[in-house]
Amino acid sequence: MKRLTLTFWGVRGSIPVPGPSTMRYGGNTACLDLRSEDGDWVIFDAGTGLRVLGESLDLSKKYEINILISQPHWDHINGIPFFAPIYIPGNRVTFYGPGTNEMTLKEILNGQMQYSYFPVRTVELLAEIKYRQIEQERLELGNFQITTISLNHPVACLGYRVRYEDRLFVYLGDNEPYYNVFKDKDKELQDFVENLNERLIDFVRD
């Protein structure tokens, strides 16, 4: 059986919280990566842990990097401006993820690198940057077969299920289980809520 290697670079939500009280799990926001023995490599989310991941790489080499964004809240994207490979010519970085009703994925990620917020704009990056806005769908990245699912969160949010030969890995960023906010005994509504939750259970099954 071929190995998969999973590394957690950031596990916190909302804001980075470095310090003695967070040393065990780290204080960086969401970022992890999954690698196969065959050289397949995907990164999940681009919180401040992405900076640490970038520092771990041999930057004299060229990389083709695929980053799967679960949702565009800051704790899932605010490591991008500090990710060293985006400043190096010859690297190719593709961002996958949802847009919102207000902006496309590209507009969201470019937005945090406007001069108002950061001294380097996306158009000034030296790596080749691409964006692929996705919804509920299937895609293949090398030997990774990836399926997405919409999650319940106050912004467009995706979960990712990765199949590699007979191995499965599921990444869920933020999700609030559905429930009947009216707390009444409307059976039709209750069945609808339960079906939505069961759908996610099926997604992570096995």
Side-chain angles (χ1 to χ4, degrees), residues 1-59 61 63-86 91 93-98 105 108-109 112 127 134 139 141-153 155-177 200-201 203-206:
M1 182 181 294
K2 293 184 177 180
R3 284 183 60 198
L4 284 174
T5 302
L6 178 67
T7 305
F8 293 85
W9 301 97
V11 298
R12 300 290 169 170
S14 298
I15 59 172
V17 283
S21 65
T22 59
M23 287 180 66
R24 181 172 184 181
Y25 299 108
N28 282 302
T29 59
C31 180
L32 57 148
D33 73 349
L34 185 69
R35 306 179 192 227
S36 77
E37 277 190 34
D38 294 318
D40 307 291
W41 179 31
V42 292
I43 298 170
F44 299 91
D45 273 332
T48 57
L50 186 66
R51 177 187 63 85
V52 188
L53 190 164
E55 291 176 345
S56 76
L57 300 175
D58 179 353
L59 297 179
K61 298 180 179 179
Y63 294 97
E64 183 159 345
I65 301 171
N66 295 299
I67 302 178
L68 307 179
I69 304 294
S70 66
Q71 48 119 332
H73 284 161
W74 273 351
D75 51 329
H76 296 260
I77 65 170
N78 60 0
I80 294 171
F82 307 96
F83 186 46
I86 65 176
N91 289 333
V93 182
T94 303
F95 293 97
Y96 298 78
L105 176 68
I108 293 165
L109 300 187
Q112 70 170 341
I134 58 175
L139 55 147
L141 296 176
N143 295 299
F144 287 156
Q145 298 178 332
I146 302 171
T147 307
T148 66
I149 188 172
S150 292
L151 301 178
N152 186 36
H153 197 56
V155 73
C157 186
L158 293 175
Y160 295 95
R161 177 182 170 108
V162 181
R163 178 177 290 278
Y164 172 69
E165 296 188 341
D166 59 346
R167 314 293 295 281
L168 288 172
F169 171 75
V170 174
Y171 176 71
L172 305 179
D174 290 311
N175 180 68
E176 291 74 47
L200 184 57
I201 292 172
F203 186 77
V204 304
R205 197 178 302 281
D206 301 323

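Basis for what follows: all heavy atoms, side chains included, without hydrogens, waters or symmetry-related copies.
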Nearest atoms (heavy-atom pairs only) where Pro72 meets Ile108: CB-CG2, 3.6 Å
Point-to-point distance, once rounded to the nearest 0.5 Å, from CG of Leu32 to OG1 of Thr7: 8.5 Å
Test side chain to side chain donor-acceptor pair (under 3.5 Å) applied to Asn28 and Thr48, step by step: CA-CA 5 Å; Asn28 282 302; Thr48 57; 2.9 Å; yes
Heavy-atom closest pair, residues Arg12 and Gly26: NE-O, 2.9 Å
Any donor-acceptor N/O pair, Thr22 side chain to Val17 backbone, under 3.5 Å: yes
Polar side-chain atom of Asn175 near backbone of Asn152 as donor-acceptor pair, under 3.5 Å: yes
Side-chain (Gln71) to main-chain (Pro98) donor-acceptor, under 3.5 angstrom: no
Verdict with reasoning, Leu172 to Leu200, per side-chain contact (heavy atoms from CB on, under 4.5 Å): CA-CA 10 Å; Leu172 305 179; Leu200 184 57; 4.2 Å; yes
Atom of Leu57, atom of Tyr63 and distance for their closest heavy-atom approach: CB-OH, 3.8 Å
Pairwise side-chain contact, Leu50 with Trp9, heavy-atom cut-off 4.5 Å (strictly under): no
Least distance between heavy atoms, Asp75 atom then Ser14 atom: OD2-N, 2.9 Å
Test item: Thr29 and Asn78 side chains (from C-beta on) under 4.5 Å apart, heavy atoms: yes
Near-ring test Phe44/Phe169, centroid separation under 6.0 angstrom: yes
Ring geometry between Phe144 and Tyr164 (parallel below 30°, tilted from 30 to 60°, perpendicular above 60°): perpendicular
Working for side-chain contact (heavy atoms from CB on, under 4.5 Å), residues Thr148 and Ile134: CA-CA 9 Å; Thr148 66; Ile134 58 175; 4.1 Å; yes
Spacing of Leu158 atom CG and Thr147 atom OG1 [to the nearest 0.5 Å]: 11.5 Å
side-chain contact (heavy atoms from CB on, under 4.5 Å) between Thr5 and Leu34, intermediate numbers included: CA-CA 6 Å; Thr5 302; Leu34 185 69; over 6 Å; no
Distance, nearest 0.5 Å, that separates CD of Glu165 from CD of Gln145: 10.0 Å
CD on Glu55 to CZ on Phe82, rounded to 0.5 Å: 11.5 Å
Salt bridge (Lys or Arg N to Asp or Glu O under 4.0 Å) pairs, two or more places apart, involving residues 26-47: Lys2-Asp38, Asp33-Arg35
Considering all heavy atoms, the nearest Ile69-Ala46 contact: CD1-CB, 3.8 Å
Ring centres under 6.0 angstrom apart (Tyr160, Tyr171): no
Worked check of side-chain contact (heavy atoms from CB on, under 4.5 Å) between Ile146 and Leu68: CA-CA 10 Å; Ile146 302 171; Leu68 307 179; 4.0 Å; yes
Phe95 and Ile80, any side-chain heavy atoms less than 4.5 Å apart: yes
Validation row: Ile65, Ile43 side chains within 4.5 angstrom (heavy atoms): yes
Sequence-distant partners of Asp174, salt bridge (charged side-chain N to carboxylate O under 4.0 Å, His left out), two or more places apart: none
Minimum-distance pair of heavy atoms, taken over all atoms of Pro81 and Gln112: CD-NE2, 3.8 Å
Spacing of SG belonging to Cys31 relative to CZ belonging to Arg51, to within rounding of 0.5 Å: 11.0 Å
